[in-house]
Amino acid sequence: MKWLGRRESDNVEDRRTLSGGKVAVGGGIIGIIILLLNTFGGQNAQQLTPILEQLQGSQTTQTESGIPLSKEDEEMGKFVRVILADNEDVWSKIFTENGEVYKNPKLVLFRDGVQTACGGASSASGPFYCPEDQKVYIDLGFFDELKSKFGAKGGDFAIAYVLAHEIGHHVQTLLGTSTKMRQAQEGKSEADANKLSVALELQADFYAGVWTNRNQKTNNVLEVGDIEEALSAANAVGDDAIQSKMQGQVVPDSFTHGTSKQRMYWFKKGYETGDIKQGNTFSEIQ
């Protein structure tokens with residue numbers, strides 16, 4: 001992706017020199033479970049965090065870690081600032097076209113663990129969006145695991161896709177979609193409630209595709225292989241792919257994010273159409 005020398009967003013909180021205290025990170029069965037359940041999660045990561053903290057017998061705290069940022073860390077920070085800026089520009093324009101006002105979210109970069117308005121979370125939660133403070137939280141180390149553990153190709157546009165997906169959850173919050181989804185889940189069976197969760201996640205994938213389309217038309221930033229990197233990431237984190245890899249069987253009723261095929265389909269649909277109005281994933285899953 002062509003990003004060097006382009007505008008960087010000011011809406012970034014870099015907490016990577018802070019430590020997350022005793023919150024479990026990386027390996028360990030609890031961390032793995034949370035990673036599997038909440039990869040690219042919009043709402044569920046924070047709900048499981050109290051369980052994690054109770055089992056660990058600790059509280060989330062943040063203190064100076066004394067670990068300086070490397071040159072690579074600095075470059076990654078600049079890259080995600082550019083991606084966030086591109087999201088700001090695209091979504092502000094889309095909202096204006098539809099008679100709405102877009103409010104920029106914040107992006108928080110952290111290591112190990114972080115405190116949010118939705119509660120404490122560890123790196124094992126994967127990237128997530130907290131609607132309570134309207135911030136996206138990412139430990140950039142996640143992308144190494146996405147490649148090494150889950151078989152994604154990696155690459156800079158895989159990171160752009162993940163961030164755009166989380167911004168998609170912010171869009172859903174601003175439009176009221178997330179609130180309506182949670183209301184619709186009330187009184188539903190677990191399987192039916194999960195279907196609604198899948199629809200929400202697939203719509204965020206669709207929005208990531210819409211952003212890609214509109215950003216390309218405006219800035220001509222895509223390079224050969226970028227879309228393949230995004231699709232590879234989407235394929236790697238499908239519920240069926242993760243369950244098959246980690247537990248050797250697939251349980252469709254437990255899906256919360258969608259299959260690999262679904263995630264790739266909706267990203268591609270958003271990318272090919274660039275039309276936010278064609279992303280009614282809720283009608284598609286019934």
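Values in this document were obtained by computation on a predicted structure and should not be read as measured data.
- Residues forming a side-chain hydrogen bond (donor to acceptor under 3.5 Å, both in side chains) with N220 (at least two apart in sequence, or on another chain): Q216.
- Counting only heavy atoms from C-beta outward, the side chains of Q172 and K180 never approach each other to under 4.5 Å.
- Side-chain contact check for Q134 versus K106: every heavy-atom pair is 4.5 Å or farther apart.
- Contact check for V90 versus N213: no side-chain heavy atoms found under the 4.5 Å cut-off.
- Hydrophobic clustering (side-chain heavy atoms under 4.5 Å, transitive across Ile, Leu, Val, Met, Phe, Trp, Tyr) keeps V251 apart from V237.
- Looking at heavy atoms from C-beta onward, V136 lies out of side-chain contact with P127 at the 4.5 angstrom threshold.
- Qualifying ring pair (Phe, Tyr, Trp, His ring centres under 6.0 Å) partners for F157, counting only residues two or more places apart in sequence or in other chains: none.
- The minimum heavy-atom distance linking T256 with E201 is given by the pair O-CG, 3.4 Å.
- Taken to the nearest 0.5 Å, the OG1 atom of T218 stands 9.0 Å off from the CG atom of D86.
- A donor-acceptor contact closer than 3.5 angstrom links the side chains of S254 and Q243.
- Between N215 and M1 the shortest side-chain heavy-atom distance falls below 4.5 Å.
- Taking the centre of each ring, F267 and F206 stay at or above the 6.0 Å mark.
- By the 4.5 Å heavy-atom criterion applied to side chains, N194 and L196 are not counted as neighbours.
- Among residues at least two apart or in separate chains, salt bridge (Lys or Arg N to Asp or Glu O under 4.0 Å) pairs with a member in residues 113-138 are E13-K135.
- In terms of modelled atom types and a separation under 3.5 Å, the side chain of R81 and the main chain of G77 share a donor-acceptor contact.
- Every residue two or more places apart in sequence or in another chain was checked for a salt bridge (Lys or Arg N to Asp or Glu O under 4.0 Å) with D139, and none qualifies.
- In this structure, H170 NE2 and Y102 OH are separated by 4.5 Å, a value rounded to the nearest 0.5 Å.
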Set out, in order, the CA-CA distance, both residues' side-chain angles and the distance that settles side-chain contact (heavy atoms from CB on, under 4.5 Å) for T212 and L222, then state yes or no.
CA-CA 9 Å; T212 303; L222 292 179; 4.2 Å; yes
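- For Q278, the side-chain hydrogen bond (donor to acceptor under 3.5 Å, both in side chains) criterion is met by D275, not counting sequence neighbours.
- In terms of heavy atoms, E8 sits closest to A85 at C-CB, 4.1 Å.
- For the atom pair CG of L109 and CG of D73, the computed distance is 10.0 Å after rounding to the nearest 0.5 Å.
- Classification of the Y137-F128 ring pair by plane angle, with boundaries at 30° and 60°, yields parallel.
- Using a 4.5 Å heavy-atom cutoff, the side chains of D253 and E190 are not in contact.
- Every residue was checked against the side-chain hydrogen bond (donor to acceptor under 3.5 Å, both in side chains) condition with S92, not counting sequence neighbours, and none meets it.
- Across all non-hydrogen atoms, the minimal contact from L163 to L84 is CD2-N, 4.0 Å.
- Two residues are said to be in side-chain contact when any heavy atoms from C-beta on lie closer than 4.5 Å; V82 and K78 fail this criterion.
- A donor-acceptor pair shorter than 3.5 Å cannot be found between the side chains of S232 and N235.
- V101 and V171 end up in different hydrophobic clusters when Ile, Leu, Val, Met, Phe, Trp and Tyr side chains are linked at under 4.5 Å.
- The aromatic rings of Y129 and H169 sit parallel, their planes meeting at an angle under 30°, below the 60° perpendicular limit.
- From N87, atom CG reaches atom OG of S9 across 9.5 Å, with rounding to the nearest 0.5 Å.
- Applying the 6.0 Å contact sphere to CG of D192 captures more than 12 heavy atoms from other residues, nucleotides or ligands.
- Y265 meets the ring pair (Phe, Tyr, Trp, His ring centres under 6.0 Å) test with no other residue; sequence neighbours excluded.
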Assess the residue pair D156 and D226 against the criterion (side-chain contact (heavy atoms from CB on, under 4.5 Å)); give the C-alpha distance rounded to whole Å, side-chain angles, the decisive distance to 0.1 Å, and a yes or no.
CA-CA 8 Å; D156 56 8; D226 281 345; 3.8 Å; yes
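- Taking each heavy atom of G113 and S123 in turn, the nearest pair found is N-OG, 4.3 Å.
- The residue from H165, M264, K268 that alone fulfils the side chain to side chain contact (heavy atoms under 4.5 Å, CB included) condition with D205 is H165.
- In terms of heavy-atom proximity, C118 sits nearest to T116 at N-OG1, 2.9 Å.
- In this structure, F255 has no ring pair (Phe, Tyr, Trp, His ring centres under 6.0 Å) partners at least two apart in sequence or on a different chain.
- Side chain to side chain, H257 and Q262 fail the donor-acceptor criterion of an N or O pair below 3.5 Å.
- Residues passing the side-chain hydrogen bond (donor to acceptor under 3.5 Å, both in side chains) test with D89 are R7, sequence neighbours excluded.
- Here NZ of K188 is found 13.5 Å from OG of S197. Values are rounded to the nearest 0.5 Å.
- The salt bridge (Lys or Arg N to Asp or Glu O under 4.0 Å) pairs that include a residue from residues 209-220 are E97-R214, where partners are two or more places apart or lie in different chains.
- Judged purely by atom type and a 3.5 angstrom limit, Q203 has no side-chain atom pairing as donor or acceptor with the backbone of T281.
- Side-chain atoms of E88 and N11 form a donor-acceptor pair, as typed in the model, at a separation below 3.5 Å.
- Closest approach of A234 to Y161, counting heavy atoms only: CB-OH, 3.5 Å.
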In sequence, state the C-alpha distance, the side-chain angles, and the governing distance for V210 and I94, and then conclude on side-chain contact (heavy atoms from CB on, under 4.5 Å).
CA-CA 10 Å; V210 169; I94 291 175; 3.8 Å; yes
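- Using a cut-off of 4.0 Å between Lys/Arg side-chain N and Asp/Glu carboxylate O, R16 and D112 are scored as not salt-bridged.
- In this structure, CD on E75 lies 13.0 Å from CG on L69, to the nearest 0.5 angstrom.
- For N280, the side-chain contact (heavy atoms from CB on, under 4.5 Å) partners are F282, S283, not counting sequence neighbours.
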Could you go through the side-chain contact (heavy atoms from CB on, under 4.5 Å) check for I159 and F142 one step at a time?
CA-CA 10 Å; I159 299 173; F142 166 79; over 6 Å; no
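- Each ring pair (Phe, Tyr, Trp, His ring centres under 6.0 Å) pair with one or both residues in residues 207-254, not counting sequence neighbours, appears once here: W91-Y207.
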